[in-house]
Amino acid sequence: MENIKLNLGCGEKRLPGFLNVDKFGTPDIKHDLETFPWPWETNSVSEILLIHVLEHLGKETEVYFKILKEIYRISKNKAKIRIVVPHFRHQFFYDDPTHVRVVTPLGLQLFSKKLNKIWIKEGAANSPLGIYLDIDFDLKQTIIKPSQDWFRLHPEKNVDINLLQKESAIYNNLIEQYDMYLEVVKD
Ligand SMILES: C[S@@+](CC[C@H](N)C(=O)[O-])C[C@H]1O[C@@H](n2cnc3c(N)ncnc32)[C@H](O)[C@@H]1O
């Protein structure tokens, strides 16, 4: 039984125990993640890392959808997916010209069939993308990293996450990154 773990867009950070993949440099596997299909079997992967990578991919919505569909296809049921991205209202997002896509927790929850069904029942306007694309991801946890500017304004050690989220809805540069943990749902 295959038990592949992928570190996609590894850059120079090759991790032991993972197949390190990038379109540049000297990874274990050189592959452009915007070229399809990806070179792994259906239901073969138990863990995928995309650390500061997904914001570089899928400028065209159709390509972004294909990437999520490939992540889903190659994953086993309950595979763990970790996605780390810069916060879209932090300067770091704008400094890199290869950042082409905003990724948020709610943006990923649109690919949860369970939430899609709840929102449809409630008459919410959220696009039921999990149902439309026939893919299903459950966002288990989001870790919010406060920025240096936040700590300059709020030097106390314990971060008030609710306040941080409220302030970040109004001001820039308070959240540096989202670190999101998802599980693949297949029956
Ligand atoms: C900001 S770096 C992050 C590298 C590493 N994950 C880290 O945490 O340091 C983004 C990486 O994604 C890779 N990348 C960008 N577009 C890609 C693509 N279409 N296919 C494969 N890798 C890509 C880049 O080559 C780069 O190594």
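Atoms within a ligand are numbered from 1 in the order they appear, just like the ligands themselves. Bear in mind the structure is a predicted one, so any value in this text is a computation, not a measurement.
- Between E47 and K80 there is no salt bridge, since no side-chain nitrogen of the basic residue lies less than 4.0 Å from a carboxylate oxygen of the acidic one.
- Checking S46 against N3 by side-chain atom types alone, a donor-acceptor pair falls below 3.5 Å.
- Considering backbone and side-chain N/O of L8, none are found under 3.5 Å from N/O of ligand 1.
- H52 and Q177 form a side-chain donor-acceptor contact under 3.5 Å, judged by distance and modelled atom types alone.
- Looking at atom 4 (C) of ligand 1, its nearest protein heavy atom turns out to be G9 O, 3.3 Å.
- Ring centers of H99 and Y94: at least 6.0 Å apart, outside the cut-off.
- Protein heavy atom in closest approach to atom 22 (N) of ligand 1: K23 N, 3.4 Å.
- The closest heavy-atom contact to atom 3 (C) of ligand 1, among the options H31, E34, H52, comes from H52.
- Remark: the T98 side chain and the D96 side chain contain an N/O donor-acceptor pair separated by less than 3.5 Å.
- Looking from atom 15 (C) of ligand 1 to the surrounding protein, the closest heavy atom is H56 CB, 4.0 Å.
- What sits closest to atom 20 (N) of ligand 1 on the protein, heavy atoms only, is L33 N, 2.9 Å.
- The protein non-hydrogen atom at the shortest distance from atom 5 (C) of ligand 1 is C10 O, 3.2 Å.
- For atom 14 (N) of ligand 1, the nearest non-hydrogen atom of the protein is D22 OD1, 4.1 Å.
- The protein heavy atom nearest to atom 16 (N) of ligand 1 is L57 CD2, 3.6 Å.
- The protein heavy-atom contact nearest to atom 19 (N) of ligand 1 is D32 OD1, 2.8 Å.
- Residue F24 has at least one heavy-atom neighbour below 4.0 Å for each of these atoms of ligand 1: 25 (O).
- A donor-acceptor pair shorter than 3.5 Å can be found between the side chains of K186 and N43.
- Ion pairing between a basic and an acidic side chain is recognised when a charged N comes within 4.0 Å of a carboxylate O; K114 and D136 show no such pairing.
- Between N173 and D149, the side chains place no donor N or O within less than 3.5 Å of an acceptor N or O (distance only, hydrogens not considered).
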